[in-house]
S.K.: 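First the structure, then my questions, so here it is.
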Amino acid sequence: MKVLVVNCGSSSLKYQLFDMTDESVLAKGLVERIGIEGSVLNHQPAGKGKIPITADIKNHTIAIKMVLDALVDPEHGVVADINEIDAIGHRVVHGAEKFSDSVLITPAVMAALEEFVELAPLHNPPNISGINACSEILPQVPQVGVFDTAFHQTMPQQAFLYGIPYEAYKQYGVRRYGFHGTSHKFVSQRAAEMIGDHMTNLRIITCHLGNGASISAVKNGKSLDTSMGFTPLQGLVMGTRCGDIDPAIPAYLMKKMNLSPDEIDNYLNKKSGVLGLSGLSSDFRDLEQAADQGNERAKLAIDVFTYTVRKYIGSYAAVMGGVDAIVFTAGLGENSARIRDHICNGLEFLGTRIDPVRNDVRGKEQEISVAGSKVRIFVIPTNEELMIARDTKKICAPLMK
Ligand code: ADP
C-alpha cells in the first residue's frame, strides 16, 4: 500500500510518499512560497539529491498537481502511475473536541474543519485547501485527517479547563487543546518499546523542543496534560513565542504601546520567546554560539528556556505521581546535547542521571541516562509523517478489500 502524506502550511506544502509494506519513504519534498513570487518545489527521490522545480505556484491545487507530476516523472519519479497512490494522509492542526482520533475525510468532516477555522485561523485553512486540492485531482483516493490535537483529547477537565467563567468554555470553546499530539504519541510509544514495557505501565514526559515547543505528561499511554493551550502560544518559552505570561500583560502592553489586538498577537507570537529575550535569534545554534562568545543576553535566553522546561518536567512528575522516562525530540531536543544537559541539571532529585558520554548524540535514537538511572532519559527523533501514514493505512486498508 502506498500512502502520500501531506502537510500544508499557508505558503508551503511538505510531502512524503511511503511504501507501507516496509514503511520506507519513496520520495519526499517541499513546496515553498505558494502564492508568492519565487515559488519552488524541491523534490527528493529516496537515495538521491534534491531536484528543484521552479514554477509559478499560485495555490495549493497547483502545488499538489506539481507534486503528483514529480512523483510520476519518467526521470526522477518513483511510481509509474499516479493510481498507485492508495491513500492520502493529511496533517490537520485543529480537531477541537470532535476528533480524538484520525478520521476518514467525508463531507461532514470537512464541515467540522470549516467550523474550527475560528479556533485555528492560521492553520486550518491551508489544511482544508490541501484536502480540497487532493479531492479535486484524485477524487477516487480516500483521504484521512490526522489531528495535532487528537492525542490530547484524553486530558481530564481539571487539566484542560482554565480558571475563567465556565460559560467561556461552553459557549466559545475556550479550553486547553494542546498541539504536537502526533509527535508526543509517536515518541512516547517508541520510548515504551525501548524500555520493553507496555505504555499502560509507564509515566513518560515527552519534550518536543523545536521552533515551537511543548511538553506532555503521558500516563498509562494517555496524554494527561500538555503545555500548549487554547493556542500554541501557551507553555514553554519558544523560538519566537512568549509561552506562559501573566494574562494581564497583553492589555497593559496594548495600552502602553498603542497596539491593536492583531499587533499584540504578532508581538507575542513572532517577536517574543528567545528571539525577544536575546534580541539576536530564535535559533538555538546562534544562541549557543553567541553565549560561548560571551553574549549575556543569549545566555540569559537559554537559561530562561531551560528553566521553564525543567519547571514543567517537575510539575508533570508531580501530577503523574512520579516519572519513569523523559524523552527529548524535535530540532533542539534531538540535536543539542548542551540544552538537554542544562535541562536535566537539577532534576537528579527525581532520580534522573544523565550520562555525558551517551548524551553526546545528535539526531539519533539513544538512551542518554546512565545504566541504572531510576528515570530513563531518551533522545528519540520524532516522525510525525510516519505516524500519519500508519493511521492512514489503518483507516484505508479495510476500504480496499
Ligand atoms: P519546527 O518547530 O519549525 O518544526 P524544528 O523541530 O525543525 O522546528 O526545530 C528547529 C530548531 O531546532 C531550530 O530553530 C534550532 O533552534 C534547533 N536546532 C536544530 N539543530 C540544532 C543544533 N544542532 N543545535 C542546537 N539547536 C538546533
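Note that the numbering runs from 1 along the sequence shown for the chain. As the structure lists them, so they are numbered: ligands from 1, and atoms in each ligand from 1. Values reported hereafter were calculated over all heavy atoms of this structure, with side chains retained and with hydrogens, waters and symmetry mates removed.
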S.K.: Under 4.5 Å between any side-chain heavy atoms of Asp244 and Gln234, yes or no?
M.R.: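 Answer yes - side chains close enough.
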S.K.: For atom 4 (O) of ligand 1, is the nearest protein heavy atom under 4.0 Å away?
M.R.: no
S.K.: Can you confirm, on distance only, whether ligand 1 has an N/O atom lying under 3.5 Å from any N/O atom belonging to His208?
M.R.: no
S.K.: Kindly indicate whether a cation-pi arrangement holds for Arg176 with Phe160, taking the cut-offs as under 6.0 Å to the six-membered ring centre and within 45° of the axis.
M.R.: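 Verdict for Phe160: no cation-pi partner in Arg176.
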S.K.: Can you tell me how far apart NZ (Lys311) and OG1 (Thr308) are? Round to the nearest 0.5 Å.
M.R.: 6.5 Å
S.K.: If you count heavy atoms of other groups shown closer than 6.0 angstrom to OH of Tyr267, is the number above 12?
M.R.: no
S.K.: Among all protein non-hydrogen atoms, which one is nearest to atom 26 (N) of ligand 1, and what is the separation to 0.1 Å?
M.R.: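 Sorting protein heavy atoms by distance from atom 26 (N) of ligand 1 puts Leu332 CD1, 3.5 Å first.
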S.K.: To the nearest 0.1 Å, how far is atom 23 (N) of ligand 1 from its closest protein heavy atom, and which atom is that?
M.R.: Asn335 CB, 3.4 Å
S.K.: List every atom of ligand 1 that sits less than 4.0 Å from any heavy atom of Ser336, numbering the atoms from 1 in the order shown and giving each element.
M.R.: 25 (C)
S.K.: To the nearest 0.1 Å, how far is atom 15 (C) of ligand 1 from its closest protein heavy atom, and which atom is that?
M.R.: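 For this ligand atom, the closest protein heavy atom is Asp283 OD1, 3.3 Å.
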S.K.: Do any nitrogen or oxygen atoms of Ala330 lie less than 3.5 angstrom from nitrogen or oxygen atoms of ligand 1?
M.R.: no
S.K.: Purely on distance, is any nitrogen or oxygen of Phe284 under 3.5 Å from one on ligand 1?
M.R.: yes
S.K.: Any side-chain heavy-atom pair from Ile326 and Phe378 closer than 4.5 angstrom?
M.R.: no
S.K.: As a check for students: among Glu384, Gln289, Arg285, identify the option with a heavy atom nearest to atom 24 (N) of ligand 1.
M.R.: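 When every heavy atom of Glu384, Gln289, Arg285 is considered, Arg285 comes closest to atom 24 (N) of ligand 1.
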S.K.: For atom 9 (O) of ligand 1, which protein heavy atom lies nearest, and how many Å away is it?
M.R.: Gly331 CA, 3.3 Å
S.K.: Take Glu365 and Arg190, measure what salt bridge (Lys or Arg N to Asp or Glu O under 4.0 Å) needs, and give me the verdict at the end.
M.R.: CA-CA 10 Å; Glu365 204 170 84; Arg190 189 66 199 119; 2.8 Å; yes
S.K.: Say whether Gly212, considering both its backbone and side-chain N or O atoms, lies within less than 3.5 Å of an N or O atom on ligand 1.
M.R.: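 Among all N and O atoms of Gly212, at least one is under 3.5 Å from an N or O of ligand 1.
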S.K.: Whether the His208 and Ser183 side chains hold a donor-acceptor pair (N or O, under 3.5 Å, no angle test) is what I'd like checked.
M.R.: yes
S.K.: Just to confirm my output: which protein heavy-atom neighbour is closest to atom 8 (O) of ligand 1, and how far is it?
M.R.: Asn211 N, 3.1 Å
S.K.: Using heavy atoms and a 4.0 Å limit, tell me yes or no: is Arg362 in contact with ligand 1?
M.R.: yes
S.K.: Look at ligand 1 and say whether Gly239 reaches it with a heavy atom at a distance under 4.0 Å.
M.R.: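 Per 4.0 Å heavy-atom rule, Gly239 does not contact ligand 1.
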S.K.: Ring-plane angle category for Phe230 and Tyr177, please: parallel below 30°, perpendicular beyond 60°, tilted otherwise.
M.R.: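 Judged by the thresholds at 30° and 60°, the geometry between Phe230 and Tyr177 is tilted.
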S.K.: One pair to check against salt bridge (Lys or Arg N to Asp or Glu O under 4.0 Å): Arg353 and Glu348. What are the steps and the verdict?
M.R.: CA-CA 6 Å; Arg353 283 172 63 207; Glu348 294 78 9; over 6 Å; no
